[in-house]
Chemist: 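The structure's right below; bear with me while I get my questions together.
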Amino acid sequence: KAHDGAPEAFAALAQRCYHPVYLTARGSVFTEPTRSWLKDRGFPTGALRLAPNLITIPGDATVEYKAATMAALQANGVAIAVGNGNRASDVSAYHQIGLVGDHIFLKRAEYASEIDPVIAAGNATGVDSYRSLIPIFSAYQRAP
């Protein structure tokens with residue numbers, strides 16, 4: 001099940017010409033099921049990047065994989081303007097590629113005790129619902 005409001009929040013970004021890149025530490029053997037899952041739940045079409053390993057352990061390995069993948073995208077001309085996640089490792093990866101806290105949004109429910117200190121330090125913005133992101137993303141200036 002998708003989080004309530006998540007497809008609509010990402011659609012709000014897509015309507016402002018921010019193209020989603022779905023980046024996960026889930027293994028690449030799950031590419032087609034993940035692509036189908038996103039489509040079936042109404043997420044906007046976007047690039048999909050999955051880890052080369054079947055399992056990427058949360059923590060440093062995940063940060064390294066995600067930061068390297070985003071750096072490669074940047075090296076090929078993709079500007080990364082907004083980050084979304086639910087773990088402290090997501091924030092670490094976004095910071096490594098130069099994204100700042102007010103452009104990193106963390107869904108609090110699953111790992112609140114882990115990410116609340118990150119949010120309190122101003123390294124990310126916490127949200128309790130993806131629905132709260134819809135007006136924020138809808139107000140973004142149209143991407144070039």
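Since the structure is predicted, the reported quantities are computational estimates derived from the model, not experimental observations. The residues of the chain are indexed from 1 along the displayed sequence. Because only heavy atoms are used, hydrogens play no part in the values below, and waters and symmetry mates are left out as well, while side chains stay in.
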Chemist: Decide whether V82 and V118 are clustered together by the hydrophobic rule: side chain heavy atoms of Ile, Leu, Val, Met, Phe, Trp, Tyr closer than 4.5 Å, transitively.
Modeler: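 Unlinked, V82 and V118 end up in two clusters.
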Chemist: Exactly one of T45, L50, L48 should register a side chain to side chain contact (heavy atoms under 4.5 Å, CB included) with R35. Which one does?
Modeler: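 Passing option: L48.
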Chemist: Give me the atom names and distance for the closest heavy-atom approach of C17 to A143.
Modeler: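 Scanning both residues completely, I find the closest heavy atoms to be O-CB, 3.3 Å.
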Chemist: Would you name the heavy atoms of S129 and S132 that are closest together and state the gap between them?
Modeler: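 Scanning both residues, the minimum pair turns out to be O-OG, 2.6 Å.
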Chemist: Within a strict 4.5 Å, meaning less than it, do heavy atoms of the V127 and L106 side chains meet?
Modeler: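 V127 vs L106: side chains apart.
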Chemist: Could you pull out the closest heavy-atom pair between Y111 and N86, with the gap in Å?
Modeler: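 Result for this residue pair: CD1-O, 3.3 Å.
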Chemist: Going by the rule ring-ring contact (aromatic ring centres under 6.0 Å, His included), which residues pair with H3 if we only count those two or more places apart in sequence or in a different chain?
Modeler: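 Only Y130 meet the ring-ring contact (aromatic ring centres under 6.0 Å, His included) criterion with H3.
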Chemist: What do you reckon, is CG of D102 surrounded by more than 12 foreign heavy atoms closer than 6.0 Å?
Modeler: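 For D102, atom CG is crowded (more than 12 foreign heavy atoms under 6.0 Å).
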Chemist: Is M70 reachable from I104 through a run of hydrophobic residues whose side-chain heavy atoms are each under 4.5 Å from the next?
Modeler: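 Result: yes, single cluster for both.
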Chemist: Name all pairs fulfilling the salt bridge (charged side-chain N to carboxylate O under 4.0 Å, His left out) condition that reach into residues 122-135, sequence neighbours left out, sorted by first residue then second.
Modeler: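 Those involving residues 122-135 are D4-R131, E8-R131, R108-D128.
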Chemist: Let me check something: any side-chain donor-acceptor pairs from residues 91-101 under 3.5 Å, sequence neighbours excluded? List them with distances.
Modeler:
{"unit_1": "S92", "atom_1": "OG", "unit_2": "A88", "atom_2": "O", "d": "3.4"}
{"unit_1": "Y94", "atom_1": "OH", "unit_2": "N84", "atom_2": "N", "d": "3.0"}
{"unit_1": "Y94", "atom_1": "OH", "unit_2": "N84", "atom_2": "O", "d": "2.8"}
{"unit_1": "H95", "atom_1": "NE2", "unit_2": "N123", "atom_2": "O", "d": "3.1"}

Chemist: By the salt bridge (charged side-chain N to carboxylate O under 4.0 Å, His left out) test, which pairs, at least two apart or in different chains, include something from residues 132-144?
Modeler: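 For residues 132-144, and leaving out neighbouring residues, there are no salt bridge (charged side-chain N to carboxylate O under 4.0 Å, His left out) pairs at all.
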Chemist: Only pairs under 3.5 Å count here: list side-chain donor-acceptor contacts from residues 20-32, not counting sequence neighbours, and write none if there are none.
Modeler:
{"unit_1": "Y22", "atom_1": "OH", "unit_2": "P44", "atom_2": "O", "d": "2.7"}
{"unit_1": "T24", "atom_1": "OG1", "unit_2": "R26", "atom_2": "N", "d": "3.1"}
{"unit_1": "T31", "atom_1": "OG1", "unit_2": "S28", "atom_2": "O", "d": "2.6"}

Chemist: Which residue pairs pass the salt bridge (charged side-chain N to carboxylate O under 4.0 Å, His left out) test when at least one of the two sits in residues 82-101, sequence neighbours left out?
Modeler: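 Salt bridge (charged side-chain N to carboxylate O under 4.0 Å, His left out) check on residues 82-101 returns K66-D90, R87-E114.
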Chemist: For A81, give me all partners under side chain to side chain contact (heavy atoms under 4.5 Å, CB included), at least two apart in sequence or on another chain.
Modeler: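 A81: side chain to side chain contact (heavy atoms under 4.5 Å, CB included) contacts with Y18.
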Chemist: Do L133 and L38 belong together in a cluster built from hydrophobic side chains that touch within less than 4.5 Å?
Modeler: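 Yes.
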Chemist: Can you list every pair that meets salt bridge (charged side-chain N to carboxylate O under 4.0 Å, His left out) and has a residue in residues 43-54, with sequence neighbours left out?
Modeler: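 Qualifying pairs, neighbours excluded: none.
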Chemist: Do the ring planes of F10 and F43 sit parallel (below 30°), tilted (30 to 60°) or perpendicular (above 60°)?
Modeler: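 Correct class here is tilted.
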Chemist: Any side-chain heavy-atom pair from Y65 and N53 closer than 4.5 angstrom?
Modeler: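 No, side chains not in contact.
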